[in-house]
2 protein chains.
Amino acid sequence: MPHNEPTIAEAIRASGRRLTIQRAKILEALHRLPGHSTAERIHAAVCEDDRDVEMALSTVYRNLDALAEMGLIAAFADGGVTTYEWAAAGHPHHHLQCDGCGHTKEVALESIAALSDEVERTYGFTIDLRHMAIRGTCAGCRKPADDGGAR
Amino acid sequence: MPHNEPTIAEAIRASGRRLTIQRAKILEALHRLPGHSTAERIHAAVCEDDRDVEMALSTVYRNLDALAEMGLIAAFADGGVTTYEWAAAGHPHHHLQCDGCGHTKEVALESIAALSDEVERTYGFTIDLRHMAIRGTCAGCRKPADDGGAR
DNA sequence: GTTCGTACCGCGAATATTAGCAATAGCGTG
DNA sequence: CACGCTATTGCTAATATTCGCGGTACGAAC
């Protein structure tokens with residue numbers, strides 16, 4: 001990925017931030033690592049990949065937060081641990097997170113648009129679709145007899 | 001609240017759990033405290049209210065988790081801190097959480113039904129509406145001139 | 001009412017993440 | 001290319017929450 005960096009650099013610069021070596025490494029690692037990655041995993045990946053760059057774990061956390069805030073990456077809670085993924089992962093997808101087995105499934109939902117529209121119109125609130133994590137119970141974890149009946 | 005306890009006790013018993021003094025106190029405190037409460041606040045409330053019951057903070061956390069799991073209370077992340085509220089708080093409401101100011105607004109959304117329906121039909125996944133926290137940016141925090149265009 | 005199995009409690013240590021501080025290094029300017 | 005402003009870094013301490021362990025007590029069965 002030699003020549004798509006400039007765009008990212010501009011985006012970072014545009015938000016009044018700086019493109020530090022650490023930030024670049026983190027982005028790169030996140031771009032390369034498959035699926036969702038934890039802060040610790042990213043830290044390890046960067047340290048393994050490049051030995052001449054010092055990187056504190058807190059720096060990883062801070063950057064992950066900043067990058068998520070500017071929309072370059074997506075963050076969401078995954079059972080006590082926060083995981084991150086490259087935001088430009090092709091198509092927009094949402095997460096169905098099962099409280100039973102803890103598994104997270106990525107799906108594309110049409111109804112989200114209507115929901116986003118309603119919230120926008122009624123409350124002037126703009127939903128961040130990248131952070132849309134839906135919790136509930138998947139088909140496998142729903143016990144046959146157990147009918148929560150919760151609304 | 002002298003005589004509505006039996007139902008709750010049954011619900012707790014039904015899930016193979018026991019109605020301990022601590023659990024009851026926590027439920028009671030949560031029922032009485034207005035709005036969302038943190039584990040620490042609940043712990044403080046119980047300790048102030050009753051001096052003859054010892055209660056470790058970890059016990060509060062454990063019970064909060066258990067009670068949320070069985071649907072008696074609702075839990076959701078509120079900026080690094082988890083808050084809880086009585087589940088039978090009248091009407092169903094969802095949370096619009098602003099990433100800018102961190103404020104959480106409680107609203108009723110019609111489109112949620114359609115979303116829930118789609119997810120149920122397409123993936124056999126049952127959304128837990130009580131845990132439905134929607135993140136984004138509220139009208140106040142969306143700067144008029146600053147259009148990041150980072151979408 | 002006594003007994004018994006086990007869920008639960010309190011305590012303290014572990015884990016994930018955030019915050020504060022002095023030193024460093026982007027990057028726009030002269 | 002050196003200079004300066006300040007965002008950022010590494011470090012360490014704090015914070016929120018979870019886990020493991022040995023002792024306790026809930027609740028069901030005698």
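Per chain, numbering begins at 1; letters A, B, ... match sequence-line order.
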Does the A:Ser15 side chain pair with the main chain of A:Ile12, one donor and one acceptor, at a distance under 3.5 Å?
->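 At least one qualifying donor-acceptor pair exists.
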Please confirm whether the backbone N or O of A:Thr59 pairs with a side-chain atom of A:Asn63, one donor and one acceptor, at under 3.5 Å?
->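 Side chain of A:Asn63 to backbone of A:Thr59, a donor-acceptor pair under 3.5 Å: yes, one is there.
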Pairs meeting criterion ring-ring contact (aromatic ring centres under 6.0 Å, His included) with involvement of residues 34-57 of chain B, two or more places apart |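 Only B:His36-B:Phe76, B:His36-B:His95 qualify under ring-ring contact (aromatic ring centres under 6.0 Å, His included).
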Only pairs at least two apart or in different chains count here, so list each salt bridge (Lys or Arg N to Asp or Glu O under 4.0 Å) that has a residue in residues 37-47 of chain A.
->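 The answer is none; no pair qualifies.
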Round to a whole Å and report the spacing from [atom1] of [X] to [atom2] of [N].
{"X": "A:Gln22", "N": "C:dG26", "atom1": "CD", "atom2": "P", "value": "8 Å"}
{"X": "A:Ile42", "N": "C:dA16", "atom1": "CD1", "atom2": "P", "value": "14 Å"}
{"X": "A:Leu57", "N": "C:dA16", "atom1": "CG", "atom2": "C1'", "value": "9 Å"}
{"X": "A:Arg23", "N": "C:dA25", "atom1": "CZ", "atom2": "P", "value": "16 Å"}
{"X": "B:Lys25", "N": "C:dG10", "atom1": "NZ", "atom2": "P", "value": "13 Å"}
{"X": "A:Arg17", "N": "C:dA25", "atom1": "CZ", "atom2": "C1'", "value": "18 Å"}
{"X": "B:Leu27", "N": "C:dC8", "atom1": "CG", "atom2": "P", "value": "13 Å"}

Does the side chain to side chain contact (heavy atoms under 4.5 Å, CB included) test come out yes or no for B:Tyr84 and B:Val60, once each step is laid out?
-> CA-CA 11 Å; B:Tyr84 300 83; B:Val60 178; over 6 Å; no
Distance-only donor-acceptor test, B:Ser58 side-chain atoms vs C:dC9 base atoms, 3.5 Å |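 A donor-acceptor contact between them is absent.
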DNA chain D: 5'-most and 3'-most nucleotides touching chain B, 4.0 angstrom heavy-atom criterion |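 In short, chain B contacts DNA chain D from D:dA16 to D:dA28.
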Mind checking salt bridge (Lys or Arg N to Asp or Glu O under 4.0 Å) for [X] and listing every partner two or more places apart, or none if nothing turns up?
{"X": "A:Arg18", "value": "none"}
{"X": "B:Asp65", "value": "none"}
{"X": "B:Glu69", "value": "B:Arg17"}
{"X": "A:Arg13", "value": "none"}

A:Tyr61 side chain near C:dT17 phosphate (N/O to OP1/OP2, under 4.0 Å) |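 Indeed, a polar side-chain atom of A:Tyr61 lies that close.
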Within less than 4.0 Å of OP1 or OP2 of C:dG26, is there a side-chain N or O belonging to A:Arg13?
->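 Answer is no, no contact under 4.0 Å.
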By side-chain hydrogen bond (donor to acceptor under 3.5 Å, both in side chains) - contacts of A:Asp117 (at least two apart) |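 By the side-chain hydrogen bond (donor to acceptor under 3.5 Å, both in side chains) rule, A:Asp117 matches A:Arg121.
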Report the residues that fulfil side-chain hydrogen bond (donor to acceptor under 3.5 Å, both in side chains) with B:Ser111, sequence neighbours left out, ordered by chain and then residue number.
->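 Partners of B:Ser111 under the side-chain hydrogen bond (donor to acceptor under 3.5 Å, both in side chains) test: A:Glu118.
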Could I get a table of every N or O pair under 3.5 Å where one atom is in the protein and the other is in nucleotides 21-24 of chain C?
none

Inter-axis angle, terminal five-pair segments of the helix from C:dG1-D:dC30 to C:dG30-D:dC1 [nearest 10°] |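 It comes to 30° between the two terminal axes.
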All N/O pairs under 3.5 Å across the protein-nucleotides 1-3 of chain C interface:
none

Are the side chains of A:Leu64 and A:Leu30 in touch, meaning some heavy atoms are under 4.5 Å apart?
->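 With C-beta onward as the side chain, the pair touches.
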State, yes or no, whether a side-chain contact exists between A:Tyr123 and B:Lys105 at a heavy-atom distance under 4.5 Å.
->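 Yes, side chains in contact.
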For A:Thr20 and for B:Ile21, find the nucleotide of DNA chain D with the closest heavy atom, then tell me which residue's nucleotide is more 5'.
->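 The residue mapped nearer the 5' terminus is A:Thr20.
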Neighbour count >12 (heavy atoms, 6.0 Å) for atom CD1, B:Ile21 |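 Open: at most 12 neighbouring heavy atoms sit under 6.0 Å from CD1 of B:Ile21.
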